[in-house]
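To keep things clear, I will list the structure first and then write my remarks on it.
Any value given below was found using the heavy atoms of this structure, including those in side chains, with hydrogens, waters and symmetry copies removed.
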Amino acid sequence: MKTLYIECNMGAAGDMLMAALYELLEDKQGFLDTMNGLGLPGVRVAAQKASTCGIAGTHMAVTVDGQEETEPAPRAAAHHDHVHLHVEEHHDHEHDHDHEHTHDHDHDHGHDHSHGEHHHQHHHATPGHIGETIDALPLPDPVKAQAKAVYDAIARAEAKAHGCPVGDVHFHEVGALDAVADVTGVCYALSLLQPEQILVSPIHVGCGTVRCAHGVMPVPAPATANLLAGVPVYGGAVQGELCTPTGAALLVHFAQKFGPMPVMVTKAVGVGIGTKEFEQANCVRAFWGETAQEANGEIVELVCNIDDMTPEALAFAASRLLEAGALDVYTVPGTMKKGRPGWVLTVLCDPAQEGELARKILAETTTNGLRVRRCGKYFLTPGAGQVQTQWGPVGLKLAQGFGLTHVKPEFEDAARLARDHDLSYQEVMREVWGKM
């Protein structure tokens with residue numbers, strides 16, 4: 001299975017994720033050409049060679065009107081005088097805005113750019129405006145849908161953090177442009193890689209506090225904490241904010257699972273590097289490789305031997321077990337004690353039904369005990385479809401997963417058409433298979 005494992009030992013930000021994925025792409029120049037052809041006003045994306053603690057990688061530099069938002073010198077606090085989305089990925093921002101609300105972060109991770117000491121006449125855009133911007137980009141529709149979903153998650157997290165409606169959250173215009181490039185770049189790179197599964201390590205969020213206009217704010221920032229609810233995170237000795245809301249939203253949106261690296265045959269490693277220097281490597285690593293197929297479910301087998309029931313009584317018991325919710329019930333002939341012929345009864349069920357169906361087996365059969373086997377289960381996800389024949393529709397049973405698709409026409413639909421139109425079953429099925 002094609003697997004992408006993202007290691008977040010120093011948190012994550014949109015630009016670092018994009019840089020790590022960029023290193024895994026075969027057509028790197030094609031990716032940059034697409035990103036620079038999006039038509040975002042004044043935005044340019046450039047991949048720069050970089051290193052951190054001796055580890056070589058890529059720094060993805062995003063400029064707006066020729067200015068990369070580089071990190072300013074350390075200071076006591078930054079000033080954000082409005083409620084705006086914390087999406088300026090490239091940490092240590094310093095803006096002056098006028099708005100009735102206050103939302104202020106002193107980002108200490110330095111992943112890419114901060115507006116620093118240069119000042120702009122800023123405007124603001126609502127989440128709806130950002131959605132319209134993304135819709136207008138020359139990217140595949142699935143990529144745009146993913147990018148909008150990430151932005152929606154950030155907006156909800158910020159609104160919850162500030163106790164305001166989502167519509168009252170605004171994006172700082174310049175920061176929104178470079179963040180749109182980060183988000184769409186990650187979504188587009190993943191669409192090119194097409195991993196079958198995306199796994200992510202526990203996320204290092206940093207520790208300590210950041211000073212804001214309201215006072216001292218804990219790390220992770222409230223919006224980031226909202227986004228990472230239910231995700232394994234940890235602090236540590238590194239002071240400051242390591243995981244940004246954009247990085248958190250991207251990881252949560254795409255990850256199928258958070259945890260340690262699985263056993264995998266690695267084919268390539270992408271390294272996305274931030275701008276700030278720490279005692280440990282400031283990077284996100286993306287491991288690209290193959291993992292073995294793993295069971296995607298669990299099932300319970302309830303098994304017992306029976307040699308003192310009539311076939312009619314055993315058949316009745318099996319029907320009652322199915323009515324009680326068993327997934328399947330079957331018998332296999334066997335030889336019991338003293339050479340007596342009998343049956344091995346097996347009941348398959350969901351783990352949550354184990355106790356209920358065990359009691360049902362004891363009540364409906366003559367057995368005095370049964371065995372329980374808990375098993376991993378590989379299964380294809382069921383679905384439904386339909387084929388339109390000249391005589392009417394025939395439903396299809398679909399099952400998909402592990403790169404496979406199974407299709408089976410509904411017998412009763414085909415049989416009904418055969419009866420209604422005085423046709424043979426085979427004639428109906430020939431047309432059904434011909435249209436699939």
Test ring-ring contact (aromatic ring centres under 6.0 Å, His included) applied to [X] - qualifying residues, sequence neighbours left out:
| X | result |
| --- | --- |
| His204 | Tyr234 |
| Phe411 | Tyr425 |
| Tyr188 | Phe31 |

Indicate the atoms forming the closest heavy-atom contact of [X] with [Y], along with that distance.
| X | Y | result |
| --- | --- | --- |
| His59 | Ala50 | CB-CB, 3.8 Å |
| Met264 | Gly289 | CE-N, 3.6 Å |
| Ala161 | Ala223 | CB-N, 3.9 Å |
| Phe258 | Ser201 | CD2-O, 3.8 Å |
| Val219 | Gly206 | CG1-C, 3.8 Å |
| Pro260 | Tyr5 | C-OH, 3.4 Å |

For the [atom1] atom on [X], are there more than 12 heavy atoms of other groups (residues, nucleotides or ligands in this structure) within a distance under 6.0 Å?
| X | atom1 | value |
| --- | --- | --- |
| Asp27 | CG | yes |
| Glu279 | CD | no |
| Glu26 | CD | no |
| Lys160 | NZ | no |

Mark yes or no for whether [X], through its side chain, and [Y], through its backbone, hold a donor-acceptor pair below 3.5 Å.
| X | Y | result |
| --- | --- | --- |
| Thr266 | Ala268 | no |
| Asn36 | Leu32 | yes |
| Asp413 | Gly395 | yes |
| Ser51 | Gly54 | no |
| Gln400 | Thr381 | no |
| Thr3 | Met1 | yes |

Interatomic distance, [X] atom [atom1] to [Y] atom [atom2] [nearest 0.5 angstrom]:
| X | Y | atom1 | atom2 | value |
| --- | --- | --- | --- | --- |
| Leu314 | Ser319 | CG | OG | 10.0 Å |
| Asp182 | Leu17 | CG | CG | 9.0 Å |
| Thr331 | Asn305 | OG1 | CG | 12.0 Å |
| Leu396 | His406 | CG | NE2 | 14.5 Å |
| Lys360 | Arg320 | NZ | CZ | 4.5 Å |
| Gln353 | Leu302 | CD | CG | 10.0 Å |

Are any of the side-chain heavy atoms of [X] and [Y] separated by less than 4.5 Å?
| X | Y | answer |
| --- | --- | --- |
| Phe254 | Leu4 | no |
| Leu139 | Leu38 | yes |
| Gln239 | Cys207 | yes |
| Pro409 | Val387 | no |
| Pro245 | Glu158 | yes |
| Val233 | Pro220 | no |
| Ile361 | Leu321 | yes |
| Val186 | Met18 | yes |

Report the C-alpha distance between Asn282 and Ile273 in whole Å, list the side-chain angles of each, state the deciding distance to 0.1 Å, and finish with yes or no for side-chain contact (heavy atoms from CB on, under 4.5 Å). CA-CA 6 Å; Asn282 181 19; Ile273 295 179; 5.7 Å; no
For the pair Glu290 and Lys267, find out whether any cationic side-chain nitrogen is under 4.0 Å from an anionic carboxylate oxygen. yes
Donor on one side chain, acceptor on other, Glu23 and Thr58, under 3.5 Å: yes
Is it the case that the side chains of Glu277 and Thr52 hold a donor-acceptor pair, with the cut-off being a distance below 3.5 Å and no angle test? no
Counterpart residues, side chain to side chain donor-acceptor pair (under 3.5 Å), relative to [X] (two or more places apart):
| X | answer |
| --- | --- |
| Thr184 | none |
| Glu410 | none |
| Glu301 | Arg373 |

For Asp135 and Lys148, what are the C-alpha separation, side-chain angles and deciding distance, and is it a side-chain contact (heavy atoms from CB on, under 4.5 Å)? CA-CA 8 Å; Asp135 276 332; Lys148 289 192 294 182; 2.8 Å; yes
Going through the checks in order, is the side-chain contact (heavy atoms from CB on, under 4.5 Å) test met by Met10 and Cys283? CA-CA 6 Å; Met10 286 294 284; Cys283 63; over 6 Å; no
Run the side-chain contact (heavy atoms from CB on, under 4.5 Å) test on Ile6 and Val284 for me, step by step, so that the C-alpha distance in whole Å, both residues' side-chain angles and the decisive distance to 0.1 Å come before the verdict. CA-CA 7 Å; Ile6 301 175; Val284 167; 3.8 Å; yes
